[in-house]
Amino acid sequence: MIYKRSSALFAEAEQVIPGGVNSPVRAFKAVGGTPIFVKEAKGAYLYDEDGNQLIDYIASWGPMILGHAHQPVVDAVIDKAKKGTSFGMPTQIETKIAELAVSMVPNIDKIRFVNSGTEACMSAVRLARGYTNKDKIIKFAGCYHGHSDSFLIQAGSGAVTFGSPNSPGVTQGTAKDTLLAKYNDLANVEALINANKNEIACIIIEPVAGNMGCIPPKEGFLEGLRKLCDTNNILLIFDEVMTGFRLAKGGAQELLGIKADIVCFGKVIGGGLPVGAFAARAEIMNHLAPLGPVYQAGTLSGNPLAMAAGLAMLTELNSGDIFESLAQKTAYLHKGIAKVLTELNVTHTINRVGSMISVHFCEDDVVDFETSAKGNNDTFKTFFHGMLNQGVYLAPSAFESWFLNDALTYEDLDKTIAACKAVFS
Ligand SMILES: *Cc1c(COP(=O)(O)O)cnc(C)c1O
């Protein structure tokens, strides 16, 4: 494929935008080459500025779960835009999407909308600290919770890809309150809690990790965390920015049958517009201003266009069997790729939960950041560029989950499996 125009556009962007991108992983540093500039997208396909059509396995990193430019979402946004795009005053649509979200997700009474997943996680931790009157938090190596200071400690995907797991600009004072644990290692978490008795406000976790590839929680791991939190007066925060409204109507809480104290959302909940949210039982949420002392605010929070897109998206997700259909498609892809790689003697491990899947070029099980990092990055680069040449767009980093969207047909999946075979033949 030819990327003449993308290359020219990237060179132009580099003059005025650091690294030519507004979010680092887009720059292709982990795989080499020049990022592709998108012109438009429809359903399962991206159309780039050079006129190529690509089957998209990123779906804007998750939000486009029903495919790009999904008509009900587009219509809702256009309709709202004609009536004014921001007021900084309450609107009824905020209540409507809140009611729907609360009805879909288990164990939450109230929800507050923000503008990104980063904001959601940052605010959730502040709320947990305010609620428990404790300072420290536990996060897991390889989990990503956005780019706010407290979380840039071994943060997976983008941060790992760039070799700066601890970003300059994060102060020691902040970093010391973030304790780092090993994913899927309950004993490790217990030891941290015991070493910091009565100091830990919350444990924040991706209930199914998606920023070091897709890593499912081991049997009993989340149940164990729940128990540890209960006995030590610690709040359990599920960062469901990826998994929320993707793994099930009620996200990972529903799929895995575990209750979190605070849940963070982003990605799918905005239908492709910039939306995040955090939610909990009323007794916790009532600690937020203006009811309580924990401050949190946003000029564009609850923006009518964003709420319209989110409401249209959640309404669709609430009305069908999309999650089952997506999981079946993902299982089909899993089977097809595994068969091809096995036949061609390519060492691999594939992880999958629902419509999240990742292919790791290593032999052992991938259960945490360490084992994920063992994947062969040269093979991944070959895979990435080979697939791209055949019109399949994967995430430009080995540390990312793929996100299937329901516009993908079985024909698209077959093409993808065939492309995989061609790359390694
Ligand atoms: C993407 C992501 C975030 C950050 O969301 P942004 O909207 O990019 O700020 C937080 N947590 C998880 C699990 C994510 O995947």
Side-chain angles (χ1 to χ4, degrees), residues 21-27 57-65 112-126 128 137-162 167 178 183 202-217 222 236-247 251-253 255-256 260 262-279 296 298 300-301 303 306 309-310 313 353-358 369 372 395-397 399-404:
V21 292
N22 282 312
S23 195
V25 78
R26 295 178 197 168
Y57 283 97
I58 306 307
S60 185
W61 304 94
M64 317 317 297
I65 191 169
R112 179 161 282 175
F113 288 93
V114 293
N115 305 287
S116 68
T118 295
E119 266 187 76
C121 295
M122 177 185 87
S123 307
V125 163
R126 184 181 304 141
I137 69 171
I138 291 180
K139 86 171 275 290
F140 294 86
C143 280
Y144 182 66
H145 306 294
H147 64 91
S148 97
D149 286 1
S150 310
F151 301 129
L152 285 183
I153 321 286
Q154 288 211 14
S157 56
V160 169
T161 303
F162 294 94
S167 171
T178 300
Y183 201 85
C202 61
I203 295 177
I204 183 165
I205 188 164
E206 294 177 61
V208 173
N211 284 288
M212 43 184 168
C214 166
I215 299 189
L222 295 177
L236 182 59
I237 302 179
F238 272 9
D239 176 355
E240 297 224 39
V241 170
M242 256 185 199
T243 54
F245 307 103
R246 170 164 286 278
L247 295 184
Q253 280 198 102
L255 185 78
L256 306 171
I262 306 178
V263 191
C264 305
F265 297 105
K267 300 193 168 112
V268 176
I269 200 172
L273 269 74
V275 180
F278 59 107
Q296 188 281 325
L300 291 174
S301 293
N303 172 270
M313 175 65 86
V353 178
S355 56
M356 292 166 66
I357 180 171
S358 56
F369 178 67
S372 177
S397 159
F399 287 107
E400 307 287 355
S401 170
W402 313 6
F403 302 101
L404 270 69

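In listed order, ligands and their atoms are each counted from 1. Model, not experiment: these values are computed from the prediction.
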Can you sort out which atoms of ligand 1 are near Met242, meaning under 4.0 Å from one of its heavy atoms?
-> 15 (O)

Polar side-chain atom of Ser358 near backbone of Cys214 as donor-acceptor pair, under 3.5 Å = yes

For Thr178 and Ser150, indicate whether the former's side chain and the latter's backbone hold a donor-acceptor pair under 3.5 Å.
-> yes

Going by distance only, is there an N or O of His145 that falls short of 3.5 Å from an N or O of ligand 1?
-> no

Numbering as shown, the atoms of ligand 1 that approach Ser116 to under 4.0 Å (heavy-atom distance) = 7 (O), 9 (O)

Do me a favour and list the nearest non-hydrogen protein atom to atom 5 (O) of ligand 1 with residue, atom name and distance?
-> Gly117 CA, 3.2 Å

Of the side chain and backbone of Val241, name the one, both, or neither that has a heavy atom under 4.0 Å from an atom of ligand 1.
-> side chain

At a non-hydrogen distance cut-off of under 4.0 Å, which region of Glu119 contacts ligand 1 (side chain, backbone, both, or neither)?
-> neither

Looking only at protein heavy atoms, what sits closest to atom 11 (N) of ligand 1 is Asp239 OD2, 2.6 Å

Check: Tyr183 side chain, Glu206 main-chain N or O, donor-acceptor pair, under 3.5 Å | yes

Among all protein heavy atoms, pick out the one at the shortest distance from atom 2 (C) of ligand 1; state its residue, atom name and that distance to 0.1 Å.
-> Lys267 NZ, 2.6 Å

Does a donor on one side chain and an acceptor on the other come within less than 3.5 Å for Arg112 and Gln296?
-> yes

Give me the ring orientation class for Phe245 and Phe265: parallel if the planes are under 30° apart, tilted from 30 to 60°, perpendicular past 60°.
-> tilted

Here the atoms of ligand 1 under 4.0 Å from any heavy atom belonging to Gly146 are 3 (C), 4 (C), 10 (C)

Protein heavy atom at shortest distance from atom 9 (O) of ligand 1 = Thr118 OG1, 2.5 Å

For the rings on Phe399 and Phe369, is their centre-to-centre separation under 6.0 Å?
-> yes

Just by modelled atom types, is the Met212 backbone N or O under 3.5 Å from a matching donor or acceptor in the Ser372 side chain?
-> yes

Sub-3.5 Å N/O-N/O distance, Glu206 and ligand 1 = no

Any donor and acceptor pair, going by atom type alone, linking the side chain of Arg246 with main-chain N or O of Leu404 inside 3.5 Å?
-> yes

